[in-house]
Number of protein chains: 2
Amino acid sequence: MTPRPRTRIQRKNMNVILDAGLDVFSQHGFRGATLDQIAQVAGLSKPNLLYYFPSKEAIHVTLLTRLMDTWLDPLRDLDPEGEPVAELTAYVRRKLEMSRDFPRESRLFANEIIQGAPRMQEVLTDHLRPLVDEKASVIAGWMAEGRIRAADPHHLIFSIWAMTQHYADFDAQLCAVLGPRYDARFEEAEVFLETLMRRLLSPGGA
Amino acid sequence: MTPRPRTRIQRKNMNVILDAGLDVFSQHGFRGATLDQIAQVAGLSKPNLLYYFPSKEAIHVTLLTRLMDTWLDPLRDLDPEGEPVAELTAYVRRKLEMSRDFPRESRLFANEIIQGAPRMQEVLTDHLRPLVDEKASVIAGWMAEGRIRAADPHHLIFSIWAMTQHYADFDAQLCAVLGPRYDARFEEAEVFLETLMRRLLSPGGA
DNA sequence: GTCTATATTAAGATAGAC
DNA sequence: GTCTATCTTAATATAGAC
């Protein structure tokens with residue numbers, strides 16, 4: 001579906017197009033995005049877009065595929081040999097950093113899921129689900145050993161996703177609600193979420 | 001923008017159109033939704049839609065306006081005179097029930113916010129922000145009195161929004177990840193979130 | 001109030017010159 | 001590789017009959 005770039009200029013233009021596509025798809029979703037807009041943001045003509053990608057959908061699929069590669073890294077890095085509370089707070093911190101540094105990627109993903117994930121069902125069931133089950137088992141093991149307090153591991157992971165991605169996906173709402181405090185939202189969120197995780201998980205409830 | 005219904009049949013048809021619009025807008029966002037689709041779901045012709053509403057945007061705005069009326073009720077109901085932990089867990093429970101019972105409304109709202117809230121800026125700053133500030137003050141008062149443990153009240157509210165709405169907005173992902181456990185997701189979520197709130201807020205950290 | 005028919009614009013995609 | 005011009009379809013919206 002996506003041609004392999006062979007020359008330097010091909011690679012550069014494909015990246016320009018993908019970056020523009022990320023802009024537009026993340027803001028409007030697949031059906032709401034238009035090639036005209038992507039072409040304009042990319043600074044290329046519409047037919048030139050379709051020289052590099054066979055269709056609008058190909059751009060979208062390429063973006064989603066590339067995103068999933070890196071999007072799950074923080075969860076993959078959850079180390080069964082590490083200290084449980086430290087591992088889970090580090091996971092939260094990394095997810096929060098991704099919301100801060102890659103908000104468009106978060107919104108691209110959110111749009112696709114909200115709209116029913118029509119182009120992601122297989123990757124969710126084939127890759128995400130096994131990974132989540134594996135890490136949920138690790139967490140359940142820590143709980144069984146009494147190293148962290150018991151709570152449903154799957155819903156713990158969902159809550160971490162929800163709370164951290166919220167800072168990227170619902171940015172417009174945060175801006176309206178926080179007013180002048182908006183600029184400090186990520187620092188405040190890190191403190192809040194670290195406290196939340198500690199109280200939820202630390203054996204003493206500290 | 002929205003004509004007032006005068007007869008019974010007018011009211012009925014407008015509600016049919018709004019329900020169909022909720023279906024389509026919540027799944028595709030404003031730009032991704034089409035009048036053709038809304039008309040088909042409503043079982044009416046496209047011109048008939050535009051007899052009741054002057055434009056596609058009028059349907060969307062009507063939906064968002066009506067939604068905001070009821071969407072914030074659970075937060076409004078947070079009672080300063082109540083028992084703090086009970087009030088906040090009740091808030092979580094009501095929000096979770098809304099995700100379960102009105103997932104389309106949640107996704108309509110999420111789509112609009114993710115896409116930058118172009119048609120909701122004023123309602124967010126004029127209505128949501130004062131309400132959140134008011135209730136955050138109530139929560140801060142409880143914390144100052146030592147009735148619940150200290151944590152940033154605004155981010156506490158954001159986390160409650162994120163965790164509860166996640167079960168409506170990211171339903172497609174939950175379905176893929178949970179597999180056969182999917183049907184029990186709301187019961188499990190209620191137990192998990194009640195535990196989370198208790199550990200986060202109860203003075204003893206229970 | 002509801003429909004068919006249609007005007008008008010915009011969208012995805014292609015042809016073919018350079 | 002990149003562009004202008006264009007084909008084709010689909011979208012919002014309107015006209016006007018019934």
Side-chain angles (χ1 to χ4, degrees), chain A residues 1-64 108 111-112 115 118-119, chain B residues 1-64 108 111-112 115 118-119:
Chain A
M1 202 145 208
T2 305
R4 296 276 173 74
R6 305 202 174 273
T7 71
R8 232 161 294 134
I9 195 166
Q10 279 179 339
R11 173 174 292 277
K12 178 179 147 288
N13 272 341
M14 288 184 71
N15 284 333
V16 165
I17 293 168
L18 288 172
D19 192 69
L22 181 55
D23 252 39
V24 178
F25 284 125
S26 69
Q27 198 178 349
H28 296 291
F30 178 71
R31 290 199 356 185
T34 70
L35 287 178
D36 276 296
Q37 232 187 324
I38 297 172
Q40 192 183 358
V41 173
L44 297 169
S45 69
K46 202 162 42 161
N48 209 2
L49 251 62
L50 296 167
Y51 170 78
Y52 288 101
F53 293 89
S55 67
K56 170 183 172 179
E57 184 162 16
I59 302 175
H60 193 242
V61 168
T62 302
L63 279 168
L64 286 175
L108 176 77
N111 259 311
E112 181 68 9
Q115 301 183 7
R119 281 163 288 274
Chain B
M1 204 144 210
T2 305
R4 297 276 174 74
R6 306 204 171 275
T7 71
R8 232 161 295 135
I9 193 167
Q10 279 179 340
R11 174 174 291 277
K12 179 180 148 291
N13 272 341
M14 289 184 69
N15 284 334
V16 166
I17 292 168
L18 287 172
D19 193 70
L22 181 56
D23 252 39
V24 178
F25 284 125
S26 68
Q27 198 178 346
H28 296 292
F30 178 70
R31 291 201 353 188
T34 70
L35 287 178
D36 275 295
Q37 234 187 323
I38 297 172
Q40 192 184 357
V41 173
L44 297 169
S45 71
K46 205 161 40 163
N48 210 2
L49 253 62
L50 295 167
Y51 170 79
Y52 287 101
F53 292 89
S55 66
K56 170 183 171 179
E57 183 160 17
I59 302 175
H60 193 242
V61 168
T62 302
L63 279 169
L64 287 175
L108 177 77
N111 259 311
E112 181 68 8
Q115 302 183 7
R119 282 163 287 274

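Each chain gets a letter, A, B and so on, in the order the sequences are listed, and its residues count up from 1. Not measured: the values here are computed from a predicted model.
The phosphate of dA5(C) (OP1 or OP2) has no side-chain N or O of Ser45(B) nearer than 4.0 angstrom. Taking side-chain N and O atoms only, Asn13(B) has a distance below 4.0 Å to OP1 or OP2 of dT2(C). Asn48(B) has no side-chain polar atom (N or O) that falls below the 4.0 Å cut-off from OP1 or OP2 of dG1(C).
Residue contacts for Leu35(B): at a heavy-atom cut-off of 4.0 Å it reaches the sugar-phosphate backbone alone, with no base atom in range. Contact annotation for Ala33(B): backbone-only contact, meaning every heavy-atom pair under 4.0 Å involves sugar-phosphate atoms and none involves a base.
Annotation: of the two residues near DNA chain C, Pro47(B) and Gln10(B), the 5′-most nearest-nucleotide partner is Gln10(B).
Comparing dA13(C), dA13(D), dT12(D) by their nearest atom to the side chain of Lys56(A) picks out dA13(C). Residue Tyr52(B) places its side chain closer to dT2(C) than to any other of dT14(D), dA11(C), dT2(C). Of the candidates dA11(C), dT14(D), dC3(C), the closest approach to any side-chain atom of Thr34(A) belongs to dA11(C).
Straight-line distance from the NZ atom of Lys46(B) to the P atom of dG16(D): 19 Å, rounded to whole Å. At whole-Å resolution of the value, OH in Tyr51(B) and P in dG16(D) are 18 Å apart. A straight line from NE2 of His28(B) to P of dA11(D) spans 11 Å, rounded to a whole angstrom. In this structure, the CG atom of Leu44(B) is 15 Å from the C1' atom of dT4(C), given to the nearest Å. In this structure, the CG atom of Asp36(A) is 15 Å from the C1' atom of dC3(D), given to the nearest Å. Between Phe25(A) atom CZ and dA11(C) atom P there is a gap of 13 Å when expressed in whole angstrom units.
Side-chain contact between Ile17(A) and Asn48(A): absent, with no pair of heavy atoms (C-beta onward) separated by less than 4.5 Å.
For the atom pair CG (Asn15(A)) and CG (Leu22(A)), the distance works out to 11.5 Å, reported to the nearest 0.5 Å.
Among residues at least two apart or in separate chains, side chain to side chain donor-acceptor pair (under 3.5 Å) pairs with a member in residues 33-42 of chain A are Asp36(A)-Lys46(A), Gln37(A)-Arg31(B).
Annotation for Leu18(B) and Ile59(B): closest pair CD2-O, 4.0 Å, computed over non-hydrogen atoms.
Ring geometry for Phe30(B) versus Phe25(B): interplanar angle under 30°, hence parallel rather than tilted (30 to 60°).
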